[in-house]
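Working notes, beginning with the structure itself.
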Amino acid sequence: MLGIIRSELLKMRHTFSMKLVFLAPLVILLLGYLLSGSYVQLSAYNWWYSMILPIVVSLCSASMIVREEKNGMQNIICLPVRFDKIWLGKTEALVILLLAGLFSAALSTVLFGVPFSYMTGTQLPVRFFVLIPIVLWVSNIMMYGLHLILAFRFGRNFGISIGVIGSLLSALLQTSLVLDCDI
């Protein structure tokens, strides 16, 4: 098991998905600070994070699919004897992506909270730096698995499309848009 985790970690070390997971907090900070209109809106940070995360997750899942496609999917399709170990390896890749997502949420919260405290002169409680990353990460655990399954089953373009739709829905549903549907 540890050998499979190490193997997946070595394969994912220099991939686009790992770079994207660590660049996402910087993009979220830029959007949160520059486009929110004021530095006092703590909710703008959560809004931008939840809006960008579906695209980031779908791109990470798609990059895993691209890596497998470059290998001709031979590790998954052609070796039925090792089928359980192969999917165990993909599960470990999912675990690595989940841990990277938790680290990304924590990094984003710290990079937002510390400058926010200095700019506004307010002291943010420690639970802000603990609870916000955990809530943001736990609320998106299912999305990592769903995007990985969709990308494997229907292809990377479908997975990215679902990520874009998820981001658009996230942005739309946070605008207090009320639909009155009488059916």
Side-chain angles (χ1 to χ4, degrees), residues 8-9 11-32 34-36 43-78 83 86-109 112 132-181 183:
E8 283 296 322
L9 194 58
K11 284 193 278 186
M12 292 175 65
R13 184 174 51 185
H14 296 292
T15 60
F16 172 71
S17 62
M18 294 308 269
K19 293 175 187 170
L20 183 65
V21 165
F22 294 115
L23 288 177
L26 299 177
V27 171
I28 293 165
L29 287 173
L30 288 175
L31 291 173
L34 297 177
L35 300 178
S36 67
S43 63
Y45 160 73
N46 294 328
W47 189 79
W48 284 107
Y49 191 88
S50 64
M51 191 176 79
I52 289 176
L53 196 64
I55 291 177
V56 171
V57 171
S58 66
L59 288 173
C60 290
S61 299
S63 71
M64 290 179 65
I65 299 304
V66 168
R67 190 180 73 225
E68 289 298 326
E69 285 176 349
K70 284 182 181 178
N71 293 333
M73 294 280 192
Q74 64 185 2
N75 291 336
I76 294 175
I77 296 172
C78 299
F83 186 75
I86 292 165
W87 280 106
L88 182 64
K90 292 301 150 199
T91 304
E92 298 307 325
L94 178 64
V95 169
I96 291 169
L97 279 177
L98 285 172
L99 291 176
L102 177 63
F103 180 75
S104 174
L107 179 67
S108 179
T109 304
F112 176 81
I132 295 293
I134 291 174
V135 167
L136 289 173
W137 180 70
V138 167
S139 64
N140 293 304
I141 287 176
M142 189 99 158
M143 189 170 40
Y144 282 97
L146 178 69
H147 281 284
L148 190 63
I149 290 170
L150 288 175
F152 265 115
R153 176 64 179 105
F154 299 109
R156 66 176 184 254
N157 292 333
F158 184 77
I160 293 172
S161 299
I162 295 296
V164 169
I165 290 170
S167 289
L168 290 175
L169 279 174
S170 175
L172 188 66
L173 294 174
Q174 291 183 17
T175 59
S176 299
L177 178 69
V178 178
L179 296 175
D180 187 18
C181 298
I183 297 176

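In this structure, S139 contributes its side chain and V135 its backbone to a donor-acceptor pair below 3.5 Å. For the pair S108 (side chain) and S104 (backbone), a donor-acceptor distance under 3.5 Å is absent. Although no hydrogens or angles enter the test, the distance criterion places a donor-acceptor pair under 3.5 Å between the side chain of S58 and the main chain of I55.
Shown here are the side chain to side chain donor-acceptor pair (under 3.5 Å) partners of S167, two or more places apart in sequence or in another chain: there are none.
Residues V57 and M143 share a closest heavy-atom pair of CG1-O, 3.8 Å. Shortest non-hydrogen contact noted between W137 and G101 is CD1-C, 3.8 Å. Across every non-hydrogen atom of L53 and Y144, the tightest pair is CD1-OH, 4.4 Å. Summarising the geometry of L148 relative to S61, their closest heavy-atom pair is N-OG, 3.6 Å, with the distance given to 0.1 Å.
Legend: salt bridge (charged side-chain N to carboxylate O under 4.0 Å, His left out) pairs involving residues 153-165, not counting sequence neighbours, sorted by first then second residue: E69-R156. The salt bridge (charged side-chain N to carboxylate O under 4.0 Å, His left out) pairs that include a residue from residues 157-166 number zero, where partners must be two or more places apart or lie in different chains.
Going from atom CD1 of I165 over to atom CG of L172 covers 12.5 Å, rounded to the nearest 0.5 Å. Interatomic distance, L97 CG to S63 OG, rounded to the nearest 0.5 Å: 7.5 Å.
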